[in-house]
**Q** 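Okay, handing you the structure first.
Here is how names work: the chains are called A, B, and so on, in the same order as the sequence lines, proteins then strands, and each is numbered from 1. Quick caveat: nothing in here was measured; it's all calculated off a predicted structure.
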Amino acid sequence: MISIRNVSLTYPNGVRALDNVTLEIAKGDFLFLVGSSGTGKSSLLKLLYHDAIPSHGEIVVDGIRVDKLRGARVASLRRHLGVIFQDFKLLNDKTVWENVAFAMHVTGAHTREIERQVPRTLDLVGLAHKSRMFPSELSGGEQQRTAIARAIVNNPKLLLCDEPTGNLDPENTAEIMDLLLRINTKGTTVVVATHNQSVVDRMRKRVVRLEDGRIFTDEERGFYYLGLGQGQVLSG
Amino acid sequence: MISIRNVSLTYPNGVRALDNVTLEIAKGDFLFLVGSSGTGKSSLLKLLYHDAIPSHGEIVVDGIRVDKLRGARVASLRRHLGVIFQDFKLLNDKTVWENVAFAMHVTGAHTREIERQVPRTLDLVGLAHKSRMFPSELSGGEQQRTAIARAIVNNPKLLLCDEPTGNLDPENTAEIMDLLLRINTKGTTVVVATHNQSVVDRMRKRVVRLEDGRIFTDEERGFYYLGLGQGQVLSG
Amino acid sequence: MDWGKVKFFLGEVGRNFTRNAGMQATAIGTVAVTVVLLGLFLFVRLTLAGVGDRLLKQIEISVYFHTNATPAQENHLRDVLRADQRVTSFTFVPKAEGLKQLRRQTQGSIDVSMLTQNPLPDKFRVRVGDPSEVSAVADSLRGEPGVANVVYGKTIVGRLLQLGVVLRRVSIALIVALLCVAAIIISNTIRLTVYARRREIAIMQLVGATATYVRMPFVCEGVLHGLLGSLVALLILGIGKAALWSKLALALPWLELNGTHVALLPIALQLLLVGVAIGALSSWFSIGRYLRT
Amino acid sequence: MDWGKVKFFLGEVGRNFTRNAGMQATAIGTVAVTVVLLGLFLFVRLTLAGVGDRLLKQIEISVYFHTNATPAQENHLRDVLRADQRVTSFTFVPKAEGLKQLRRQTQGSIDVSMLTQNPLPDKFRVRVGDPSEVSAVADSLRGEPGVANVVYGKTIVGRLLQLGVVLRRVSIALIVALLCVAAIIISNTIRLTVYARRREIAIMQLVGATATYVRMPFVCEGVLHGLLGSLVALLILGIGKAALWSKLALALPWLELNGTHVALLPIALQLLLVGVAIGALSSWFSIGRYLRT
Ligand SMILES: Nc1ncnc2c1ncn2[C@@H]1O[C@H](COP(=O)(O)OP(=O)(O)OP(=O)(O)O)[C@@H](O)[C@H]1O
Ligand SMILES: Nc1ncnc2c1ncn2[C@@H]1O[C@H](COP(=O)(O)OP(=O)(O)OP(=O)(O)O)[C@@H](O)[C@H]1O
Ligand SMILES: [Mg+2]
Ligand SMILES: [Mg+2]
């Protein structure tokens with residue numbers, strides 16, 4: 001599904017966010033991306049939806065050379081994947097309903113389809129009662145769930161989640177992770193960048209740890225910290 | 001330090017965010033505010049810095065009837081407390097340094113003072129090397145730490161933290177919590193709204209749980225879940 | 001075409017409009033005053049041209065006969081004048097009438113009692129339809145039999161014609177300049193409304209909207225700005241004319257302003273067109289800056 | 001005053017400017033073209049007033065004597081004219097000279113050879129400094145001994161004076177209107193630049209900045225918009241005048257445009273003042289909307 005080969009990314013201000021990263025993600029995989037703050041997780045995801053273009057190396061998503069895309073092709077790529085942005089990126093002058101529906105509209109979905117799918121998805125993330133609110137009228141966690149709903153509403157083949165539960169309480173977090181797991185079992189490839197140790201430790205999925213823009217560890221059925229199980233913590 | 005008496009808050013759109021909340025917080029306290037998403041934690045904090053005005057009840061902070069303040073008095077109140085906003089609220093056209101310095105400038109601090117204090121604070125949150133970057137050039141966690149630096153740079157008597165570690169890895173989280181603890185031991189009252197169970201469980205401080213806009217539990221030396229210790233989790 | 005999509009699209013435009021009402025009103029206000037300026041100028045220009053035309057049409061050619069010209073020669077000239085397409089009217093002024101007129105003109109300062117004989121000849125007064133042909137008509141009459149002299153306000157006609165030419169050129173230049181000014185002002189305004197929403201534009205693209213998809217509502221909004229702004233402008237101009245025109249006509253009766261017909265409908269249509277075109281084009285281009293392709 | 005704070009404040013203004021350069025340029029451009037319009041209008045108005053004045057100053061009063069007036073009476077009138085402050089110049093036209101002029105005016109159509117005697121009287125031609133006093137001067141001369149008739153272009157003078165009055169009123173109304181238009185356009189533009197930064201304004205207040213503190217950099221920015229925009233406008237006007245004025249003067253020589261002195265410095269200063277004032281005021285008020293007190 002995803003093939004990242006020898007990719008480096010240097011931002012215009014000179015910061016080297018990724019340094020010769022090579023990573024293969026199979027179709028239907030569920031992968032956690034962990035690593036300390038500022039280590040390049042979001043940057044790696046940005047490469048996959050063409051929000052950043054690698055300085056070196058190549059990126060293939062679902063058979064498409066993403067780093068070579070231009071114009072309408074970029075839009076087409078983005079319509080085929082779902083992204084939960086770390087900072088949500090909700091449209092402030094649209095309601096929750098409209099924000100989610102917008103992602104369907106751009107795919108050219110029919111109105112009937114939209115009117116069936118949007119409420120179902122909002123229900124999944126527990127926001128049905130907030131569908132007429134604007135983002136500024138939502139709590140942090142509710143905004144985050146709106147962003148999640150928007151990402152999954154199109155049943156994308158690839159779902160990129162950047163810190164999807166940073167503003168959610170443990171119950172909501174568990175529900176959302178269950179939801180992602182269900183989506184994954186239906187065949188969607190899911191990549192989750194997260195800092196939430198207990199989430200990673202409980203799920204026992206593939207864990208890739210980045211440090212300083214490089215891949216540090218890559219474990220099947222891993223933990224947040226290499227070899228440490230749920231509930232255990234490093235040092236004190 | 002803080003006295004919230006019979007406070008209710010109904011937003012213009014009719015949502016009742018807080019329902020007859022009464023809470024006393026002593027000078028020098030360290031208090032965790034927990035509760036599920038959309039339960040009123042941020043709203044409670046907003047009341048304390050006059051970003052929301054209660055529909056009923058009264059709020060006293062450091063002897064001042066906050067809910068009655070107007071105009072320049074509001075600004076003066078805000079200068080005397082530090083707030084870490086859930087959505088950071090960084091000024092996009094200012095660098096990290098300028099964002100932090102701005103909070104000092106508004107207090108009328110002298111340039112020399114600013115030039116001493118800002119780098120020290122940025123160092124504390126591990127952002128000294130990013131001081132010339134703009135928020136858009138930062139990772140999520142770096143933005144959050146900028147927000148933290150801005151909140152603590154004035155050595156406020158009251159520090160309100162709304163999900164201060166939602167975008168931070170466990171190490172950074174631990175460091176920031178240590179920092180908040182140190183600030184607390186120097187006499188600052190600290191209120192932290194958070195979803196991070198392990199942080200709450202490790203610190204053993206006062207824990208107030210909100211549910212549906214009401215105070216559900218209020219424990220000295222509590223855990224995230226009533227009576228459950230660190231590392232234990234509710235159900236599965 | 002899916003009717004649901006059209007509805008969605010229109011809804012999109014409508015929502016943008018109502019949810020940023022303050023900003024939209026600001027933009028419309030700017031378009032309105034700009035178009036008012038443009039309209040005012042067009043109107044003044046047409047009015048001045050009308051007045052100038054009428055002044056020029058009042059210019060007369062005096063055709064003087066020799067004192068010994070025969071009635072046959074005079075009748076011949078009458079036929080010539082009647083046959084000339086360029087001549088709109090003419091009158092015969094016999095010498096007696098001419099003397100009366102001269103006396104009236106000089107207001108009694110000439111001692112006419114001292115004249116033993118009328119020294120004036122018979123003459124024709126001739127009016128020409130197209131002022132620029134006055135001199136040609138005068139020249140053609142000069143050769144007719146019995147005609148001693150052909151006189152008209154040569155300097156005045158020349159100057160007025162010259163002024164007309166220069167004014168026409170200047171006003172075309174001014175119209176172009178004003179159009180540019182209007183385009184700059186309106187497009188700057190629309191650019192700022194787009195700038196204020198650059199974040200939303202970026203998000204829409206990140207969610208998979210194509211450039212065209214993002215652009216269309218903005219362009220429609222620009223069209224609406226232009227349309228509503230121009231309509232407001234037309235309203236203002238209409239009210240202004242109703243309130244001030246009659247006063248002006250009364251203050252300067254000899255300009256015969258009420259007789260100067262200025263076709264308002266074409267002006268209105270032009271203004272609408274200009275407003276809409278500038279609105280659409282400037283949205284189209286301003287949003288281009290914020291679209292990453 | 002802490003020098004560091006001043007530096008910070010100026011830095012703040014400077015940063016706003018450079019970091020939103022596109023937006024600032026847009027605002028300045030709008031101010032510039034608006035001020036150009038204003039300046040153009042002021043300039044045209046002053047030029048027209050100058051030309052009108054000169055035309056009026058060329059108006060002459062003809063004072064005709066009785067044919068039997070004595071040289072003493074004529075000399076007396078000469079003294080009267082010399083003593084009159086309102087009279088700027090006068091010439092004596094003896095009857096022989098008058099006849100020559102009449103003959104020239106009628107271009108030979110009057111058969112002067114038939115005159116046994118010169119029927120014209122002596123006359124004075126008188127010019128008056130202030131056109132509105134022409135009629136008073138004429139009236140006062142009418143009573144002098146030996147004077148038969150006093151004639152001047154009564155209708156013309158009346159119409160020109162009337163036109164002057166109306167034009168003055170209309171142009172004052174237009175200036176007020178144009179100022180309003182400029183104020184609306186500029187303040188709308190500045191309002192949009194403030195609107196685009198409403199989020200930053202809210203944040204500044206949340207961090208503890210007072211309304212005044214938030215406002216000051218915006219007001220300074222507004223002043224800068226006004227100042228730079230007006231300067232650009234003056235530059236455009238200056239270049240425009242240099243390029244076109246001489247052409248216009250050449251195309252309409254009889255208007256003697258080069259002789260019409262229009263003081264440019266006061267116009268420039270007025271425009272600068274207007275630009276800066278509108279910029280400052282509109283920033284002040286637009287930001288008020290986004291300041292929660
Ligand atoms: N747009 C940008 N321009 C310049 N530098 C950037 C930009 N975005 C990120 N960076 C830098 O690149 C590095 C990696 O950032 P990235 O956002 O990928 O980190 P991250 O792993 O997502 O961190 P976090 O967990 O805090 O979100 C950081 O040092 C950051 O400062
Ligand atoms: N500005 C607002 N206008 C209207 N309703 C609001 C506004 N802000 C919050 N709400 C609503 O008030 C309730 C409480 O919101 P609040 O932000 O206090 O929750 P929270 O406890 O901070 O949640 P989270 O953990 O998700 O941040 C929610 O139902 C939310 O939708
Ligand atoms: Mg990140
Ligand atoms: Mg919250």
Side-chain angles (χ1 to χ4, degrees), chain A residues 45-46 48-53 69-95 97-116 118 134-136 146-147 149-151 153-154 156 158 160 162, chain C residues 1-27 190 192-222 224-225 283-284 287-293:
Chain A
L45 296 180
K46 276 186 199 169
L48 301 178
Y49 56 91
H50 197 87
D51 195 21
I53 299 160
L69 288 183
R70 297 228 142 259
R73 298 264 176 100
V74 174
S76 162
L77 165 79
R78 288 172 180 168
R79 286 198 293 272
H80 286 95
L81 38 87
V83 185
I84 304 168
F85 302 95
Q86 190 169 12
D87 56 352
F88 315 156
K89 294 205 191 296
L90 298 177
L91 296 166
N92 281 330
D93 52 2
K94 289 200 190 318
T95 63
W97 208 98
E98 289 162 3
N99 263 285
V100 177
F102 186 83
M104 292 195 76
H105 271 293
V106 297
T107 66
H110 280 275
T111 317
R112 239 173 308 124
E113 180 71 8
I114 292 172
E115 275 167 3
R116 205 183 56 212
V118 172
F134 289 94
S136 62
T146 309
R150 182 179 61 184
V153 72
N154 283 327
L158 172 60
L160 305 174
D162 199 352
Chain C
M1 191 84 206
D2 178 5
W3 175 238
K5 273 178 210 166
V6 176
K7 234 172 66 183
F8 171 75
F9 177 74
L10 293 178
E12 195 83 330
V13 174
R15 276 189 295 274
N16 271 349
F17 234 77
T18 46
R19 288 181 189 164
N20 299 296
M23 192 178 74
Q24 308 293 352
T26 306
I190 289 181
L192 288 177
T193 69
V194 174
Y195 177 83
R197 280 174 292 168
R198 62 202 183 287
R199 181 181 162 272
E200 328 294 310
I201 295 170
I203 292 177
M204 288 180 187
Q205 289 205 286
L206 279 178
V207 174
T210 57
T212 321
Y213 193 99
V214 177
R215 193 170 238 156
M216 284 325 288
F218 279 91
V219 172
C220 278
E221 197 180 295
L224 270 181
H225 286 152
S283 316
W284 179 272
I287 197 177
R289 299 191 148 207
Y290 301 106
L291 287 174
R292 288 199 261 164
T293 49

**Q** Applying salt bridge (charged side-chain N to carboxylate O under 4.0 Å, His left out), name anything that partners A:E113, two or more places apart in sequence or on another chain.
**A**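 Checked A:E113 against salt bridge (charged side-chain N to carboxylate O under 4.0 Å, His left out); matches are A:R116.
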**Q** Using a cut-off of under 4.5 Å on heavy-atom pairs, state which of A:L81, A:T107, A:T111 scores highest against chain C.
**A**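 Option with the top pair count is A:T111.
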**Q** Does CZ in C:R19 sit with more than 12 non-hydrogen atoms of other residues, nucleotides or ligands closer than 6.0 Å?
**A**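 Atom CZ in C:R19 is packed in, count exceeds 12.
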**Q** Taking every non-hydrogen pair under 4.5 Å, which of A:L77, A:D93, A:L69 racks up the most with chain C?
**A**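 If we count pairs closer than 4.5 Å to chain C, A:D93 comes out on top.
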**Q** Can you tell me which portion of A:H80 sits under 4.5 Å from chain C's heavy atoms? Options are side chain, backbone, both or neither.
**A**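 Contact with chain C is absent: no heavy atom of A:H80 under 4.5 Å.
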**Q** If you count heavy-atom pairs under 4.5 Å between each of C:R15, C:K7, C:E200 and chain A, which one has the most?
**A**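 Answer, by heavy-atom pair count under 4.5 Å with chain A: C:E200.
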**Q** How far apart are the closest heavy atoms of A:A151 and A:P156, and which atoms are they?
**A**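 For A:A151 and A:P156, the tightest heavy-atom pair comes out as O-CG, 3.5 Å.
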**Q** Who among A:K89, A:R150, A:R73 has the most heavy-atom pairs with chain C under 4.5 Å?
**A**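 The answer is A:K89.
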**Q** Indicate yes or no: does A:E115 engage A:R112 in a salt bridge with an N to O separation below 4.0 Å.
**A**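 The answer is no: the pair does not qualify as a salt bridge.
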**Q** Do C:R215's NZ or CZ and the ring of C:F218 fall within the cation-pi criteria of under 6.0 Å and 45°?
**A**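 No, C:R215 does not lie over the aromatic ring of C:F218.
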**Q** Is it the backbone or the side chain of A:A109 that comes under 4.5 Å from a heavy atom of chain C, or both, or neither?
**A**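 Backbone only.
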**Q** At what distance, to the nearest 0.5 angstrom, does CG of C:L291 lie from CZ of C:R198?
**A**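 Result: 14.0 Å between the selected atoms.
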**Q** What option among A:V83, A:I114, A:L90, A:N154 has the most heavy-atom pairs under 4.5 Å with chain C?
**A**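 Ranked by heavy-atom pairs under 4.5 Å with chain C, first place is A:L90.
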